[in-house]
Amino acid sequence: MERNNFLEIFEPKLAKAIEEYKNDKQTRLYEMLNYTLFPAGKRIRPYLVYLGAEFAKGGELTEEELESVLNLGVCVELIHNYSLVHDDLPAMDNDEYRRGRLTVHKAFSEWEAILVGDELLNLAYEKLLSFCAHGNMEMAKAGSYLAMQAGGKGMIKGQLLDLSGIKDINNLIQTDLYKTAYLLRGALISGAILLKADKEMIEALDEYALNLGLAFQIADDILDKDNIENSILRFIHEEKAQEMVIELTNKAINALESYKVRSMSLQKLAMMLATRKN
Ligand code: GRG
């Protein structure tokens, strides 16, 4: 499925995930969750969940499989958005704008942004656990893998390294892997686990995801060239960084060489991300 078609079914699913807060007259949690999630980003991570599942299956998903993939995709997007809200806080990156409008703590308040981030994370795991009910072992395995990539051995570790100060380019690349690539890997491989990918497939997807993730972060540094404090542009020129994006993208695509047909959409996504403008 193309990304546009995926988004058509994913967006209502994500909106439904926060509907239950709509009638709460005592808090503005719904307003804040809605502001954070809509209209929002590229939804690359939920699409990666879908592509991981499609890759593992080697063909079209059944309606039931697609439903599970969308559920897991919602959890990944909630985790991603919590990380952005918290990353923007004054104690972290202290950013005023994200996705072309005020960050959550600027549009609301700092304590509300902390709590909305907490709730996004909490809701993700509340939902994940509910999807594991009735003995859905694949969802349990996928969720546990995702949690590891998002936590203190993955994205949170990356954020800790990032905020502790970057010393050199190797230190930066290590940080970028944890901070950015691990959640992308969590999305892709949890989708593949859901559709029972075998060991060789997971190894290939792993290599794809880490290279894609690093390329994604370097492309992000190039797009955000006015802010080079923890960026690769502090250590190398933009042209060299652009070459690295191409090199890493090729490595990602080559990792799937043995699966040429079933990896078409993953190859296409890697190329799209290497040339993205936002
Ligand atoms: C707060 C635990 C914690 C972690 C934060 C994700 C992150 C770690 C920090 C955000 C800062 C940043 C630029 C990280 C690199 C990853 C990245 C490029 C995030 C933006 O992802 P996109 O481009 O965002 O997919 P959209 O807006 O499209 O959803």
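Because only heavy atoms are used, hydrogens play no part in the values below, and waters and symmetry mates are left out as well, while side chains stay in. Both ligands and their constituent atoms are indexed starting at 1 by order of listing.
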Can you pull out the closest protein heavy atom to atom 22 (P) of ligand 1? Residue, atom name and distance to 0.1 Å, please.
K42 NZ, 3.5 Å
Against heavy atoms of R99, which atoms of ligand 1 measure under 4.0 Å?
26 (P), 27 (O), 29 (O)
Nearest-contact summary for atom 1 (C) of ligand 1 - protein heavy atom, Å
S83 O, 3.5 Å
Specify side chain, backbone, both or neither for D220, according to which of its non-hydrogen atoms lie closer than 4.0 Å to ligand 1.
side chain
Look at the rings of F55 and Y259 and say which category their plane angle falls in: under 30° parallel, 30 to 60° tilted, over 60° perpendicular.
perpendicular
Would you kindly specify which portion of N278 sits under 4.0 Å from ligand 1, judged on non-hydrogen atoms: side chain, backbone, both or neither?
neither
Atoms in ligand 1 with a heavy atom of G41 nearer than 4.0 Å
26 (P), 27 (O), 28 (O), 29 (O)
Is the Lys NZ or Arg CZ of R43 less than 6.0 Å from the centre of Y50's six-membered ring, within 45° of the axis?
no
Any idea which part of Q159 is under 4.0 Å from ligand 1, heavy-atom wise: side chain, backbone, both or neither?
side chain
Among the heavy atoms of T180, does any lie under 4.0 Å from an atom of ligand 1?
yes
For E64, is the CD atom crowded, meaning more than 12 foreign heavy atoms sit under 6.0 Å from it?
no
How long is the span from the CZ atom in R3 to the CG atom in L48, to the nearest 0.5 Å?
10.0 Å
For ligand 1, which atoms have a heavy atom of I156 less than 4.0 angstrom away?
2 (C)
Begin from the C-alpha positions of I202 and I193 and carry the test side-chain contact (heavy atoms from CB on, under 4.5 Å) through to its verdict.
CA-CA 8 Å; I202 301 226; I193 293 173; 3.9 Å; yes
Using a 3.5 Å cut-off on N or O atoms only, is H80 in polar contact with ligand 1?
yes
Heavy-atom donor-acceptor pair, H86 side chain to I114 backbone, under 3.5 Å
yes
of all protein heavy atoms, closest to atom 15 (C) of ligand 1 is Q217 OE1, 2.8 Å
Does ligand 1 have any atom that is closer than 4.0 Å to a heavy atom of R45?
yes
Would you say ligand 1 has an N or O under 3.5 Å from any N or O of E77?
no
If you look only at pairs with a residue in residues 45-55, which of them pass as a salt bridge (charged side-chain N to carboxylate O under 4.0 Å, His left out), with sequence neighbours excluded?
none
Is there a side-chain contact between L51 and Y208 in this structure, where contact means two heavy atoms from C-beta onward sitting under 4.5 Å apart?
no
For I228, what are the other residues in its hydrophobic cluster, where any two members join if their side-chain heavy atoms are less than 4.5 angstrom apart?
L161, I166, I169, L172, I173, L177, Y178, Y182, L210, L214, I218, I222, I232, L233, F235, I236, M244, V245, L248
Look at atom NZ of K268 and say whether more than 12 heavy atoms of other residues, nucleotides or ligands are closer to it than 6.0 Å.
no
Considering only non-hydrogen protein atoms, determine which one is nearest to atom 11 (C) of ligand 1 and report residue, atom name and distance to 0.1 Å.
D87 OD2, 3.1 Å
Pairs of nitrogen or oxygen atoms closer than 3.5 Å, one from Y82 and one from ligand 1: do any exist?
no
